[in-house]
Amino acid sequence: QVQLVESGGGLVQPGGSLRLSCAASGNIFRLNTMGWFRQAPGKQRGLVARITSGGSTTYADSMKGRFTISRDNAKNTVYLQMNSLKPEDTAVYYCNLFQERGNYWGQGTQVTVSS
């Protein structure tokens with residue numbers, strides 16, 4: 001059993017920044033991958049970025065150079081630093097944890113980029 005709680009979403013102007021956080025608790029294995037996905041209205045959920053417990057990262061092409069994913073293994077927390085935000089980044093952002101015994105999702109946090 002794993003629980004994921006996201007925070008940090010909100011309304012920002014184009015060009016602004018946000019930092020999302022996701023804290024995991026429960027039966028977390030040492031080896032795992034945490035990441036962020038997003039879903040905009042009318043579109044399917046897609047990968048934003050992921051990071052392994054060893055620190056290896058993967059980004060969607062549209063995020064490279066603007067978003068940075070990081071994690072604190074001691075806190076079982078993953079972060080997403082979002083810079084140079086664009087209106088098309090508007091979506092619900094979901095935290096994910098994948099490990100040998102399961103695939104878990106948070107409730108999501110709304111990010112709205114608008115002037």
Side-chain angles (χ1 to χ4, degrees):
Q1 191 81 358
V2 173
Q3 297 80 43
L4 302 172
V5 180
E6 303 106 328
S7 62
L11 174 65
V12 296
Q13 295 184 352
S17 298
L18 282 175
R19 190 175 84 144
L20 306 182
S21 299
C22 173
S25 61
N27 188 22
I28 303 169
F29 285 67
R30 181 176 62 86
L31 299 180
N32 61 72
T33 298
M34 298 185 72
W36 293 93
F37 293 71
R38 71 185 187 186
Q39 187 167 23
K43 297 184 178 180
Q44 68 179 41
R45 188 176 301 184
L47 174 70
V48 176
R50 61 162 65 98
I51 183 168
T52 70
S53 50
S56 297
T57 60
T58 301
Y59 296 90
D61 287 341
S62 62
M63 317 303 166
K64 292 180 179 178
R66 298 192 300 125
F67 292 7
T68 302
I69 190 169
S70 61
R71 64 185 291 165
D72 184 336
N73 289 340
K75 297 180 179 179
N76 290 318
T77 299
V78 64
Y79 307 93
L80 184 68
Q81 179 66 46
M82 304 186 292
N83 299 324
S84 301
L85 284 163
K86 306 173 182 179
E88 51 263 45
D89 294 319
T90 296
V92 177
Y93 285 69
Y94 296 91
C95 181
N96 171 259
L97 184 149
F98 176 79
Q99 59 186 12
E100 187 172 344
R101 284 288 300 180
N103 190 28
Y104 302 91
W105 296 92
Q107 291 294 313
T109 184
Q110 177 70 47
V111 172
T112 302
V113 185
S114 176
S115 60

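- The closest side-chain heavy-atom distance from Val113 to Lys86 is not below 4.5 Å.
- Taking CD1 of Ile28 as the start and CG of Leu4 as the end, the distance is 7.5 Å to the nearest 0.5 Å.
- To the nearest 0.5 Å, atoms OG1 (Thr68) and CG (Leu80) are separated by 8.0 Å.
- In this structure, Lys64 pairs ionically with Asp61, as a charged nitrogen and a carboxylate oxygen lie closer than 4.0 Å.
- When atom types are taken as modelled, the side chain of Asn73 and the backbone of Ser53 share a donor-acceptor pair closer than 3.5 angstrom.
- Within the 4.5 Å cutoff, the side chain of Asp89 has no heavy atoms near those of the Met82 side chain.
- Hydrophobic clustering of Ile, Leu, Val, Met, Phe, Trp and Tyr side chains at less than 4.5 Å, counting indirect connections, keeps Tyr94 apart from Trp36.
- Put simply, the side chain of Glu6 gets close to the backbone of Gln107: a donor and an acceptor are under 3.5 Å apart.
- Interatomic distance, CZ of Phe67 versus OG of Ser84, reported as 9.0 Å (0.5 Å rounding).
- With a 4.5 Å cut-off on side-chain heavy atoms, Tyr104 and Gln1 do not count as touching.
- When all heavy atoms are compared, the tightest approach of Ser115 to Pro14 is N-CD, 3.7 Å.
- With rounding to the nearest 0.5 angstrom, the CG atom of Leu85 is 11.5 Å from the CD atom of Gln13.
- A donor and an acceptor atom, one from each side chain of Asn32 and Arg71, are located under 3.5 Å apart.
- In this structure, the side chains of Ser114 and Thr90 stay at 4.5 Å or more apart for every pair of heavy atoms.
- Looking only at side-chain heavy atoms (C-beta outward), Val111 and Leu20 come within less than 4.5 Å of each other.
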